[in-house]
Amino acid sequence: MSVELPAAFTDFMRDVHQRVADGDKAATTIESSDLLQCDRVYGGLYDSAKRRYGFRYFHTDEHTRDFDLHLDDISAIATGSTTHLNLWQCKKGCGCLHASENSYCTHCDSIRHFDDYESRLRIHEPHADDNTRKLMANLRKVGLAILDYHHEHDHFPPHTTHDDSGSRLHSWRSLILPHLGEDAIFDMIAFDQPWDSECNRKVWNHRPSAYSSDDRDVPLTQIVAVVGSETIWPNSQHRAWSEIKTGTSHTIAAVRSNRLTTNWMQPLDSDIDATVNDFQENDQMLAVFVDGHVETFRDVSKERFRELFFI
């Protein structure tokens, strides 16, 4: 369907067009899903070679419109020669509009159903062994589950829940279970009781496959959040997507720790200093970013690695 471009979106395209003309790196060279932002629009350059950009416009608080644009399209919008674009309605009728007919809808779909990350790892990580690819694919599932949680609740999960007295009850790893496709395990947990209550101890051995690794027995996991006041996991509240100013493709959501091992249900995670020290001592670490992509860190300074946790 042909859609008239909202004035706010057109104004933002003029701003992007000017930033490209000025040589702004966020608009010309740095690939990201959200480094270009205004009040109702966020997006970025996702393919620098082909000069393609993706943007999401919030038509209302509940309905979004997604745009996939070439730089020439942005120029045409900015100069006023393009006032309408063709978009596709969500097939489930939620009111969102998409850049292509079979696009993922954040309101109706789980992104994990659109993902075949392990197959792509064989292309992009040809030297990784099968175990490493499996660990990366598991981290990817965790990252997408965190995203799905945000799409449902309008914020990322808290790193731990608390009872009325402030005592810790449950980990974020338990909260995202439905978004990992682990509804049965989620339904077994008594969330009004501590993670290690007699009732909840019976769930320990039902560790989800996404939290597993070959060298750690059930119920242990090495997948942890990195908690801190300037990360996506603050100590006492939860974060929203809009608070991340460094770009979701440049902000780490969770890591596979080399030395910290915990019960997958225990509300125990790492902090920035401990994680950076772990990376420095072992000279490698797997991490999933807020946008869901996974990286293996090796040849990077500890200072640069530290920066990637800050929002």
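Being a predicted model, the structure only gives us computed values, none of them experimental.
For the residue pair N277 / E281, no side-chain donor-acceptor distance below 3.5 Å is found, with atom types taken as modelled. Inspection of the D66 and Y57 side chains reveals no N or O donor paired with an N or O acceptor under 3.5 Å. With no hydrogens or angles considered, no side-chain donor-acceptor pair links D196 and W204 at under 3.5 Å. Side-chain atoms of S48 and E31 include a donor-acceptor pair closer than 3.5 Å.
Ring geometry for H155 against H238 counts as parallel: the plane angle stays under 30°, on a 0 to 90° scale with 60° as the upper cut. Ring geometry for Y42 against F58 counts as tilted: the plane angle lies between 30° and 60°, on a 0 to 90° scale. The aromatic rings of F289 and F297 lie tilted to each other, with the angle between the two planes from 30° to 60°. Aromatic ring pairs are classed by plane angle as parallel below 30°, tilted from 30° to 60° and perpendicular above 60°; the pair H179 and H153 is perpendicular.
Using a 4.5 Å cut-off on side-chain heavy atoms (C-beta onward), K141 and L180 make contact. Between F67 and D73 the shortest side-chain heavy-atom distance does not fall below 4.5 Å. Counting heavy atoms from C-beta outward, I146 and F156 have side chains that approach closer than 4.5 Å. The shortest distance between side-chain heavy atoms of D269 and V226 does not fall below 4.5 Å.
Looking at Q222, its side chain does come within 3.5 Å of a backbone N or O of S257 through a donor-acceptor pair.
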